[in-house]
Amino acid sequence: MNKEELAKIKQKALEEHIPIIMDDTLEVIENRLKENKPNRILEIGTAVGYSAICFSEFLNKNGRIDTIEREADRVLEAKDNIKRAEVDDKINIIEGDAVEILPTLNGMYDMVFIDASKGKYPFFLKESLRMLAPGGIIFADNVLYKGYVLSDYNKHKQRTAVRNLREFLAELQSNESLETEISEVGDGLAIAKKIK
Ligand code: SAH
Ligand code: MG
(Lines give C-alpha, C1' and ligand atoms only; values in the text may rest on other atoms or scores of the structure.)
(Ligands and ions follow the chains in the order given, each with its own letter.)
Protein backbone atom coordinates (compact mmCIF):
# COMPACT_ATOMS: atom_id res chain seq x y z
CA MET A 1 0.00 0.00 0.00
CA ASN A 2 1.07 3.55 -0.66
CA LYS A 3 1.39 5.25 2.76
CA GLU A 4 2.02 8.69 1.29
CA GLU A 5 -1.29 8.55 -0.56
CA LEU A 6 -3.01 7.26 2.58
CA ALA A 7 -1.78 10.30 4.52
CA LYS A 8 -3.20 12.61 1.82
CA ILE A 9 -6.53 10.77 1.79
CA LYS A 10 -6.79 11.14 5.57
CA GLN A 11 -5.85 14.83 5.49
CA LYS A 12 -8.46 15.62 2.83
CA ALA A 13 -11.19 13.67 4.68
CA LEU A 14 -10.44 15.55 7.90
CA GLU A 15 -10.54 18.90 6.08
CA GLU A 16 -13.89 18.00 4.55
CA HIS A 17 -15.32 16.80 7.88
CA ILE A 18 -15.91 13.28 6.65
CA PRO A 19 -16.30 11.18 9.82
CA ILE A 20 -13.37 8.79 9.36
CA ILE A 21 -12.24 6.41 12.08
CA MET A 22 -10.33 8.07 14.93
CA ASP A 23 -6.64 7.20 15.41
CA ASP A 24 -7.16 5.61 18.86
CA THR A 25 -10.05 3.48 17.61
CA LEU A 26 -8.04 2.35 14.60
CA GLU A 27 -5.16 1.36 16.86
CA VAL A 28 -7.41 -0.85 19.01
CA ILE A 29 -8.77 -2.62 15.91
CA GLU A 30 -5.36 -2.99 14.28
CA ASN A 31 -3.92 -4.58 17.42
CA ARG A 32 -6.67 -7.19 17.29
CA LEU A 33 -6.14 -7.80 13.57
CA LYS A 34 -2.40 -8.31 14.04
CA GLU A 35 -3.09 -11.24 16.38
CA ASN A 36 -5.61 -12.82 14.06
CA LYS A 37 -5.34 -11.89 10.41
CA PRO A 38 -8.72 -11.99 8.67
CA ASN A 39 -9.39 -13.43 5.24
CA ARG A 40 -12.61 -11.63 4.64
CA ILE A 41 -13.79 -8.32 6.06
CA LEU A 42 -17.21 -6.73 5.67
CA GLU A 43 -17.48 -3.00 6.26
CA ILE A 44 -20.78 -1.14 6.54
CA GLY A 45 -20.06 2.54 5.77
CA THR A 46 -17.11 3.14 3.40
CA ALA A 47 -17.20 6.94 3.23
CA VAL A 48 -14.09 7.68 1.14
CA GLY A 49 -12.40 4.36 1.87
CA TYR A 50 -10.00 5.46 4.59
CA SER A 51 -10.71 2.72 7.17
CA ALA A 52 -10.93 0.01 4.49
CA ILE A 53 -7.51 1.02 3.13
CA CYS A 54 -6.09 0.87 6.68
CA PHE A 55 -7.61 -2.56 7.36
CA SER A 56 -6.31 -3.95 4.06
CA GLU A 57 -2.79 -3.97 5.55
CA PHE A 58 -3.86 -6.66 8.00
CA LEU A 59 -5.54 -9.07 5.59
CA ASN A 60 -4.16 -12.51 4.97
CA LYS A 61 -2.59 -13.04 1.59
CA ASN A 62 -5.50 -13.19 -0.90
CA GLY A 63 -7.84 -11.67 1.71
CA ARG A 64 -10.63 -9.32 0.58
CA ILE A 65 -12.78 -6.52 1.94
CA ASP A 66 -16.37 -5.89 0.88
CA THR A 67 -17.50 -2.40 1.87
CA ILE A 68 -20.91 -0.77 1.45
CA GLU A 69 -21.63 2.93 0.83
CA ARG A 70 -24.87 4.54 -0.25
CA GLU A 71 -23.67 8.01 -1.32
CA ALA A 72 -22.67 7.95 -4.98
CA ASP A 73 -20.12 10.78 -4.75
CA ARG A 74 -18.40 9.06 -1.83
CA VAL A 75 -18.30 5.77 -3.74
CA LEU A 76 -16.54 7.54 -6.63
CA GLU A 77 -14.02 9.14 -4.32
CA ALA A 78 -13.46 5.86 -2.45
CA LYS A 79 -12.79 4.05 -5.75
CA ASP A 80 -10.26 6.68 -6.72
CA ASN A 81 -8.65 6.51 -3.26
CA ILE A 82 -8.23 2.73 -3.20
CA LYS A 83 -6.49 2.95 -6.59
CA ARG A 84 -4.18 5.69 -5.43
CA ALA A 85 -3.40 3.72 -2.27
CA GLU A 86 -2.67 0.71 -4.54
CA VAL A 87 -5.08 -1.63 -2.73
CA ASP A 88 -7.90 -1.75 -5.29
CA ASP A 89 -7.23 -5.47 -5.80
CA LYS A 90 -8.18 -6.10 -2.15
CA ILE A 91 -11.25 -3.89 -1.72
CA ASN A 92 -14.64 -4.35 -3.34
CA ILE A 93 -16.92 -1.32 -2.94
CA ILE A 94 -20.64 -2.05 -3.12
CA GLU A 95 -22.83 0.96 -3.85
CA GLY A 96 -26.22 1.06 -2.19
CA ASP A 97 -28.11 1.21 1.08
CA ALA A 98 -26.77 -1.45 3.44
CA VAL A 99 -30.33 -2.15 4.55
CA GLU A 100 -30.99 -3.46 1.03
CA ILE A 101 -27.52 -4.82 0.21
CA LEU A 102 -26.87 -6.89 3.35
CA PRO A 103 -29.72 -9.38 2.84
CA THR A 104 -28.30 -10.12 -0.64
CA LEU A 105 -24.84 -11.06 0.71
CA ASN A 106 -23.93 -14.59 1.68
CA GLY A 107 -20.31 -14.44 2.64
CA MET A 108 -18.60 -15.79 5.70
CA TYR A 109 -16.68 -12.93 7.22
CA ASP A 110 -13.93 -13.05 9.84
CA MET A 111 -14.47 -9.42 10.71
CA VAL A 112 -17.34 -6.98 10.33
CA PHE A 113 -16.90 -3.24 10.88
CA ILE A 114 -20.21 -1.47 11.50
CA ASP A 115 -19.80 2.27 10.91
CA ALA A 116 -22.94 3.68 9.26
CA SER A 117 -26.36 5.03 10.31
CA LYS A 118 -26.67 4.53 14.08
CA GLY A 119 -30.43 4.01 13.94
CA LYS A 120 -29.83 0.86 11.87
CA TYR A 121 -27.31 -0.84 14.17
CA PRO A 122 -29.76 -3.52 15.44
CA PHE A 123 -30.49 -4.53 11.83
CA PHE A 124 -26.79 -4.42 10.91
CA LEU A 125 -26.08 -6.69 13.89
CA LYS A 126 -28.66 -9.25 12.84
CA GLU A 127 -27.22 -9.40 9.33
CA SER A 128 -23.62 -9.43 10.57
CA LEU A 129 -24.30 -12.35 12.92
CA ARG A 130 -25.77 -14.31 10.03
CA MET A 131 -22.48 -13.98 8.13
CA LEU A 132 -19.91 -14.03 10.93
CA ALA A 133 -17.53 -17.02 10.90
CA PRO A 134 -16.82 -18.89 14.15
CA GLY A 135 -14.08 -16.97 15.96
CA GLY A 136 -14.94 -13.87 13.91
CA ILE A 137 -15.16 -10.38 15.39
CA ILE A 138 -17.65 -7.57 15.01
CA PHE A 139 -16.37 -4.05 15.67
CA ALA A 140 -18.98 -1.29 15.85
CA ASP A 141 -17.95 2.36 15.97
CA ASN A 142 -19.70 5.31 17.64
CA VAL A 143 -21.71 3.08 19.98
CA LEU A 144 -21.53 5.54 22.89
CA TYR A 145 -22.44 8.48 20.64
CA LYS A 146 -20.83 11.40 22.46
CA GLY A 147 -21.84 9.91 25.80
CA TYR A 148 -25.59 10.08 25.07
CA VAL A 149 -26.04 6.31 25.10
CA LEU A 150 -24.98 5.81 28.72
CA SER A 151 -26.57 8.99 30.11
CA ASP A 152 -30.27 9.57 30.81
CA TYR A 153 -30.32 11.75 27.76
CA ASN A 154 -33.47 11.37 25.68
CA LYS A 155 -34.62 14.83 24.58
CA HIS A 156 -32.83 15.30 21.35
CA LYS A 157 -33.54 15.02 17.69
CA GLN A 158 -31.14 12.06 17.71
CA ARG A 159 -33.16 10.14 20.30
CA THR A 160 -34.08 7.37 17.85
CA ALA A 161 -30.39 6.77 17.16
CA VAL A 162 -29.68 6.70 20.90
CA ARG A 163 -32.54 4.28 21.56
CA ASN A 164 -31.40 1.98 18.78
CA LEU A 165 -27.77 2.07 19.93
CA ARG A 166 -28.93 1.08 23.42
CA GLU A 167 -30.92 -1.78 21.91
CA PHE A 168 -27.86 -2.80 19.86
CA LEU A 169 -25.60 -2.92 22.95
CA ALA A 170 -28.20 -4.86 24.94
CA GLU A 171 -28.46 -7.44 22.16
CA LEU A 172 -24.70 -7.83 21.99
CA GLN A 173 -24.45 -8.28 25.74
CA SER A 174 -27.28 -10.78 26.01
CA ASN A 175 -26.10 -12.93 23.08
CA GLU A 176 -24.46 -16.02 24.53
CA SER A 177 -22.54 -16.83 21.38
CA LEU A 178 -20.63 -13.56 21.73
CA GLU A 179 -17.96 -12.31 24.08
CA THR A 180 -18.49 -8.54 24.13
CA GLU A 181 -16.44 -5.60 25.32
CA ILE A 182 -17.55 -1.99 25.10
CA SER A 183 -14.51 0.25 24.90
CA GLU A 184 -14.71 3.99 25.56
CA VAL A 185 -12.03 4.62 22.95
CA GLY A 186 -12.97 7.37 20.48
CA ASP A 187 -16.76 7.67 20.26
CA GLY A 188 -17.23 4.20 21.79
CA LEU A 189 -16.21 0.93 20.16
CA ALA A 190 -18.03 -2.37 20.66
CA ILE A 191 -15.89 -5.47 20.17
CA ALA A 192 -17.81 -8.75 19.97
CA LYS A 193 -16.14 -12.07 19.30
CA LYS A 194 -18.14 -15.09 18.22
CA ILE A 195 -17.10 -17.81 20.65
CA LYS A 196 -19.55 -20.51 19.63
N1 SAH B 1 -15.69 3.76 7.80
C2 SAH B 1 -15.33 5.07 7.28
C3 SAH B 1 -16.27 6.16 7.76
C4 SAH B 1 -17.72 5.89 7.48
S5 SAH B 1 -18.73 7.32 7.81
C6 SAH B 1 -13.93 5.41 7.75
O7 SAH B 1 -13.66 5.24 8.95
O8 SAH B 1 -13.10 5.82 6.94
C9 SAH B 1 -20.29 6.59 7.58
C10 SAH B 1 -20.66 6.37 6.12
O11 SAH B 1 -21.77 5.48 6.10
C12 SAH B 1 -21.11 7.64 5.39
O13 SAH B 1 -20.33 7.83 4.24
C14 SAH B 1 -22.58 7.36 5.03
O15 SAH B 1 -22.94 7.86 3.76
C16 SAH B 1 -22.62 5.86 5.05
N17 SAH B 1 -23.92 5.28 5.38
C18 SAH B 1 -24.75 5.64 6.39
N19 SAH B 1 -25.83 4.85 6.42
C20 SAH B 1 -25.69 3.95 5.40
C21 SAH B 1 -26.50 2.90 4.91
N22 SAH B 1 -27.68 2.60 5.48
N23 SAH B 1 -26.05 2.19 3.85
C24 SAH B 1 -24.87 2.51 3.26
N25 SAH B 1 -24.07 3.50 3.68
C26 SAH B 1 -24.47 4.23 4.74
MG1 MG C 1 -17.52 6.18 12.78
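Since this is a predicted model, take the numbers as computed values, not measurements. Order of listing sets the numbers, starting from 1, for every ligand and every atom in it.
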Kindly compute the distance separating CG (Leu76) from CD (Glu69), expressed to the nearest 0.5 Å.
11.0 Å

Between the main-chain N or O of Lys146 and the side-chain N or O of Asp187, is there a donor-acceptor pair closer than 3.5 Å?
yes

Going by the atom numbers of ligand 1, which of them fall below 4.0 Å from some non-hydrogen atom of Glu43?
1 (N)

Set of residues satisfying side-chain hydrogen bond (donor to acceptor under 3.5 Å, both in side chains) with respect to Asp141, sequence neighbours excluded:
none

Compare all side-chain heavy atoms of Ile44 with those of Lys120 and state whether any distance is below 4.5 angstrom.
no

Protein residue, atom and distance nearest to atom 22 (N) of ligand 1, heavy-atom basis:
Asp97 OD1, 2.9 Å

Taking the side chain as every heavy atom from C-beta outward, state whether Ile138 and Leu129 have any atom pair closer than 4.5 Å.
yes

Looking only at protein heavy atoms, identify the closest one to atom 7 (O) of ligand 1 and say how far it is in Å.
Ile21 N, 2.8 Å

Atom NZ of Lys194: over 12 foreign heavy atoms under 6.0 Å
yes

Among all protein heavy atoms, pick out the one at the shortest distance from atom 12 (C) of ligand 1; state its residue, atom name and that distance to 0.1 Å.
Arg74 NH1, 3.2 Å

Met22 atom CE, over 12 foreign heavy atoms within 6.0 Å:
no

One finds that the ligand 1 atoms under 4.0 Å from a non-hydrogen atom of Ile20 are 6 (C), 7 (O), 8 (O)

Is the closest N or O pair between Lys120 and ligand 1 shorter than 3.5 Å?
no

Would you find more than 12 non-hydrogen atoms of other residues, nucleotides or ligands less than 6.0 Å from Glu27 atom CD?
no

When you measure from atom 9 (C) of ligand 1 to every protein heavy atom, which one gives the shortest distance, and what is it?
Asp115 O, 3.1 Å

Among all protein heavy atoms, pick the one closest to atom 11 (O) of ligand 1 and tell me residue, atom and distance.
Gly45 CA, 3.4 Å

Just the protein N/O/S atoms under 2.8 Å from the Mg ion (ligand 2), please, no waters.
Asp115 OD1, Asp141 OD2, Asn142 OD1

Return the set of residues passing ring-ring contact (aromatic ring centres under 6.0 Å, His included) with Phe168 (not counting sequence neighbours), or none when no residue passes.
Tyr121

Asp23: partners by salt bridge (Lys or Arg N to Asp or Glu O under 4.0 Å), with sequence neighbours left out:
Lys10

Considering only heavy atoms of Tyr50, which atoms of ligand 1 have at least one such atom less than 4.0 Å away?
8 (O)

With no hydrogens and no angle check, is any side-chain donor or acceptor of Asp66 less than 3.5 Å from a backbone partner on Leu42?
no

Exactly one of Phe139, Tyr50, Phe113 should register a ring-ring contact (aromatic ring centres under 6.0 Å, His included) with Phe55. Which one does?
Phe113

Please work out which of Arg70, Glu77, Glu69 has its closest non-hydrogen atom nearest to atom 15 (O) of ligand 1.
Glu69

Numbering as shown, the atoms of ligand 1 that approach Gly96 to under 4.0 Å (heavy-atom distance)
23 (N), 24 (C)

Kindly confirm or rule out an N or O of Pro19 lying under 3.5 angstrom from an N or O of ligand 1.
no

Answer yes or no: are there more than 12 heavy-atom neighbours, outside Glu184 itself, under 6.0 Å from its atom CD?
no

Nearest to atom 23 (N) of ligand 1, what protein heavy atom do you find, and at what distance?
Ala98 N, 2.8 Å

Region of Thr46 that comes within reach of ligand 1 [heavy atoms, distance under 4.0 Å]:
backbone

What protein heavy atom is closest to atom 6 (C) of ligand 1, reported as residue, atom name and distance in Å?
Ser51 OG, 3.0 Å

Give the numbers and elements of all ligand 1 atoms closer than 4.0 Å to a heavy atom of Glu71.
15 (O)

To which protein heavy atom is atom 17 (N) of ligand 1 closest, and what is the distance rounded to 0.1 Å?
Ala116 CB, 3.7 Å

Glu176, CD: over 12 other non-hydrogen atoms inside 6.0 angstrom
no

